[in-house]
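Just so you know, these numbers come straight off a predicted model, no measurement behind them. All values below were derived from every heavy atom in this structure, side-chain atoms included, with hydrogens, water molecules and symmetry-related copies excluded. Throughout, residue positions are numbered sequentially from 1 according to the sequence presented. Ligands are counted one by one from 1 in listed order, and the atoms in each one are counted from 1 as well.
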Amino acid sequence: MMKQNFDAMLKFCTSSTIFGALFAAHIFQGALGSGVKIDGDVILGGLFPVHEKGETTSCSSTIYNRGIQRLEAMLYAVDLINKDTTLLPYVSLGVNILDTCSKDTYALNQSLEFIRGSLDAMDVSGLECSDKKPPRVKYHAKPVKGVIGGSYSSVSQQVANLFRLFRIPQISPASTAKALSDKDRFEFFARTVPPDTFQVRALVDILQVFNWSYVSAIYSEGSYGESGFDEFHKLSQIRNICIALATKIPHNANHNFLDSALRSHMKKTTATAMVLFTRMDDTKKVLEAAGRLGAARHFHWVGSDGWGKQRHLVEGLEDVAEGAITIELTSKPVEGFNQHMKSLTPEGNVRNPWFVEYWETFFGCHLNTRPTEDLACDPDFRLSVQEGFQQDSKVQFVVDGVFAFAHALQALHDSVCRGQTGMCEQMRRYDGGDFYREYLLKVNFTNIVGSQVKFDERGDGPSRYTIYNFRKISHRTYNYTVVGLWDSHLDLDPMKVVFSENSSEAPSSVCSHPCKVGEIKIMQQGDTCCWICTACKPYEMMVNQSACKDCGPGWWPHDNMSSCYKLPHRYMKWDTLFALVPMAISCVGSFFTLTVIGIFLKYHDTPVVKASGRELSYMLLCGILICYLNTFLLIATPGVIICACQRFGVGFGFSLIYSALLTKTNRISRIFDSASRSARRPGFISPKSQVIITCFLVSIQVAATIVWLILEEPGARFEYPSRREVILKCRIKDSSFMVSLVYNMVLITTCTIYAIKTRKIPENFNESKFIGFTMYTTCIIWLAFVPIYFGTGNTFEVQITTLCISISLSATVALICLYSPKIYIIIYQPEKNVRKLTMNSAIYKKSQTHSTGASFDQGSDSVRFQAAVPSTPSKTRSEGTAENESFL
Ligand code: GLU
C-alpha cells in the first residue's frame, strides 16, 4: 500500500504542476494554516471555504457564512457518530479540517496536509542524514481515511487529482460540476449532490415557463461556471432559447470589468432575463455592479445554486436582487444542527479557530473589547433562528457525507474486523480505493432528516431542486420564498413569482414577438429567436413558421392559414340580372318569332307570304329563333354538351339567317342582272334551288363547326381572372370564337353588298330595302360587338350578357326589318295582300320607270320579266307571276 502511494507520488511529481507545491508542503508541513484537528481512530479530512477568496492574497479576511456552517456541520455529524452506540461503536472519528479560502490552488496546498501521513511512511532507504546516520521519522501523522469537501467545484476538482494519487476517497457536499462525474479523472470522488446537468435542465425549464427565449448569461471562470454554462448553452440551443450575450467573470475581475460587462448586457435591451451561473462571490459582484449602474430594474435574475438562498449575499442589494428566481438543491433543515449552532459560544467553541471571526461578523461586534464599548459583543448573543441565523441548505449534505463515511467504515469493520472491537490492522491498512468502491459507493441509509442517502455508479447524489423567489415580504424586509420544485420536471406556478413589489406580471425576454397568423418569420440562418415578420401573399398558406406556399390556382387559404380550400366555381347564375335581361330579350324575341312563324303558317297561301319565298322565310325565321335560343345555351352551366351546342348554335343560327338573306339578295341581283342582258331566265332561282343554296351555305358553317369541335374538343375549363376567382367557362379561346364567326361575317358582308345593289328594287313590298336596313344595322352591331366582346373579357358575366344581347339584337334587327312590314300588311292591310296587288304594284312601278330602263328598278323578278320582255304574251305573263309567287 505504501509502496503504491510512493509510486503514485513519483508519477504525480513528474507529471503534475503541483510537484513543487507537494515538496514545499512536506518541508513546511508545520507552517500551513490552522485548522480543526480532533484525534480519533479514523481521521476524516475536511475542506471548507471558511474565508472568501482574496483579491491580492489567497485568502481574504471575509468569513464565508456557508463555509463555516458546513465546517460546523461536519463537527456536529462527527460528534453525533462518536456519541452513537450503534454506528461505529468502538471506533472514534477524528477530523482534520482546513480552510480552502474558496480558491483551488490554495485548497491544493492545504490538502497536502492530508497526505502527510502517507508521506511519513515512505521508503527512506535511499535517504541519509548529514552525519551518515539513516534518517528516522520524526513525526507520525495519522493518514486521513477520507475527505469531506470541497464546496466550489474548482476546489474539489483540484484536490481530487491529488487524492486520486493517494487513493483517498472524497465526498463533496456542494460541488456540482458535471466533470466530477467522470470516474476516469476523479476516481475516488463522490458527492451527496447531483451534477449540474440537472440544474441546467431546471434552469431552462424555468426560462420556458416564463417564455423567455432571449436571455443574457454571466458565469464564473472555473469548472462550476464554465461547465455549467456549456451545459446551459447546449440545452438552450435544443430548447430554442437564445443567449444574446454571455460573459465569463475571470478570477480577478474588478469593478471596471463588471461595469463594462453589465453595460454591454444592458445594450441587449430585450434580453432582460439574466442567467447567473456564478460562484457566490461573483454573484455578489454582479449585483453590486448592477446597483452601481442603476440597472436594478433592467434585469430579471435567474441564479444557480451559487446564489441559492443566501441572505448574506443580497444584504444591501435587496432592491437590485428583488424578483430574482434562484435554484438551490432540495434539502431539509437539520433541526439538531440549529441546536448545535445555538449552543455554540466563542468561549466554548475552542476547537474551531475561525469561530470568533464568524461570531464577530455575524453579530457585527468585537469580542476583544471592553464590554462597555459600542461594538462589544453581548454575552447573550446566540446563533439562533430568532437572531437571524439561517441554516445553509447544504448542511444536510455535509452531514450525509460524514454519515456515509461512518456507514462505510462500519461495513468495512464488520467485514474485516469481524468479532473485534475497535480498529483492526486490516481496517487500518485497507486500501482507500477499494474502500471507496466496495463500501462507500454502496452505502444506503436513512439520514438524519429521514431521507435516503445513496450514490449512483458515478458517485452522484439524487437530483432535486427547490426554486426560490427573492421578494419583499414587508416594508424593508426581503426573503426567499419557495415558489417551485424540480424533480425530473419543473413544478412551478409562474403566477406565484413576484418580480417586483408593484407587479407580479412576468416580464418578457424575447428577441422578437410572435408573428400574426398569416405572417412568417424571416430569420438569419441558425438563429431561432430573432426574426422579422413578413406576411404571406393572400393566396398562400403557411407550410411552417417560416415558409409560405402558394395554394395553387382555384385554391384559397383557410383563415388559420394552415391549409387551403377549393374556391367555389363561378358561372352564370340564372337568377342574376346578367342572365335575366338577355333571357327576357330572348323570350320576347322568341315569342315574336314564333308569332311571325304562326302568322306565316296561317297566311301560308297569301301573296305576301308567298312572295317572301316561304321556304327561305321559314329558314330565316328558324335562324332568328335559334339566335334567340342561343341565349339559354350561353347562360347555361358550362359542360361538354352545352359548350358543343353553344359553338354549334351561334354559328348555325347566324349562318341560317345570313345564308338565307344572301341567297335572297343574290337571286334578286342575278335576276335583274340577267334581265338586263337577256330575256333568258337565270338559273337556280326556283324555291328548291334557293333552299339548296341556303343549305349549302349553311353546311359550310356546319362543317367548319364540326372541324372546330374535333380540333378543339368541347368541354368546360376553369379560368382564373384573379387569384380569388375561379370561373367555369366553355373551353373556347376568344380567338377561336371570333374565327368561327368569320364565315358569318363573310356572309354578312356579301349580303350587304347585294343589299346595296338591290336596295331600290321595290319587288315584294320593298323587301330589298328592308334587307338593306337589316344588313346595315347588322354590320353596325357586329362592328360594335367585336370590341365590346373583347373589352368585357375580364368580367365574364358582362361578356356573356353582351354576347347574348348582341346575338339577340342581330336576330331582332332581321325580324323587325324583314317581317314587320309583311306582318303589318297581313294583319292590318289584308286588302293589299292579294295577288293583284303585286301585279298592279309592279305594273305601276314599271309604268313610272318605263323610259329609264326599268330592268333594274322594277320590283319583283316576275314583274321584271314582264318589264324586260314587254312583248311576252299574256299567258307567259300570267304564268310568270304565278311562278314568281311560287318561287319567291
Ligand atoms: N455548486 C457550487 C459549485 O459546484 C457550490 C455551491 C455551494 O457552495 O453551495 O461550485
Side-chain angles (χ1 to χ4, degrees), residues 46-53 62-74 99-104 106-107 148-160 170-182 186 189-200 202-203 218-232 248-249 251 275-284 303-314 326-331 333 390-401 459-466 468 480 486:
L47 286 172
F48 298 103
V50 178
H51 288 95
E52 286 181 22
K53 181 177 75 184
T62 317
I63 281 280
Y64 184 22
N65 172 57
R66 267 179 172 179
I68 202 107
Q69 283 203 38
R70 288 172 196 176
L71 179 153
E72 281 299 336
M74 181 169 174
D99 180 11
T100 63
C101 286
S102 315
K103 193 167 178 164
D104 49 1
Y106 183 80
I148 299 287
S151 284
Y152 287 116
S153 293
S154 50
V155 168
S156 292
Q157 218 165 306
Q158 188 74 281
V159 297
Q170 174 190 0
I171 297 178
S172 168
S175 299
T176 50
K178 185 189 167 198
L180 289 162
S181 299
D182 182 352
F186 308 104
F189 178 84
R191 50 187 164 188
T192 44
V193 289
D196 279 335
T197 336
F198 300 100
Q199 178 164 201
V200 166
L203 214 152
I218 294 181
Y219 57 99
S220 295
E221 185 177 1
S223 55
Y224 171 65
E226 287 179 41
S227 69
F229 175 72
D230 283 351
E231 280 294 300
F232 172 64
K248 176 162 81 178
I249 304 184
H251 289 313
V275 173
L276 295 182
F277 227 102
T278 40
R279 298 157 49 107
M280 185 287 290
D281 41 8
D282 289 339
T283 311
K284 195 170 179 116
S304 63
D305 73 316
W307 180 336
K309 54 166 201 162
Q310 298 182 77
R311 213 185 277 168
H312 296 277
L313 193 153
V314 288
T326 61
I327 301 177
E328 184 52 280
L329 296 157
T330 303
S331 61
Q390 187 197 30
Q391 191 180 119
D392 172 47
S393 51
K394 290 189 179 99
V395 160
Q396 183 209 309
F397 301 120
V398 179
V399 176
D400 286 350
D460 295 331
S463 54
R464 278 190 295 268
Y465 300 91
T466 305
Y468 292 94
Y480 294 92
W486 193 94

Residues in contact with ligand 1, criterion: heavy atom under 4.0 Å: Arg66, Arg70, Ser151, Tyr152, Ser153, Ala174, Ser175, Thr176, Tyr224, Asp305, Lys394
Full working for side chain to side chain contact (heavy atoms under 4.5 Å, CB included) between Tyr224 and Asp282: CA-CA 12 Å; Tyr224 171 65; Asp282 289 339; over 6 Å; no
Salt bridge Arg66-Glu328, side-chain N to carboxylate O under 4.0 Å: yes
Main-chain N/O of Asp305 paired to Gln199 side chain as donor or acceptor, under 3.5 Å: yes
From Lys178, Arg279, Lys248, residue fulfilling salt bridge (Lys or Arg N to Asp or Glu O under 4.0 Å) relative to Glu226: Lys248
Test item: Leu329 and Tyr465 side chains (from C-beta on) under 4.5 Å apart, heavy atoms: yes
CA sep, side-chain torsions, deciding dist, call: Tyr480, Trp307, side-chain hydrogen bond (donor to acceptor under 3.5 Å, both in side chains): CA-CA 11 Å; Tyr480 294 92; Trp307 180 336; 2.8 Å; yes
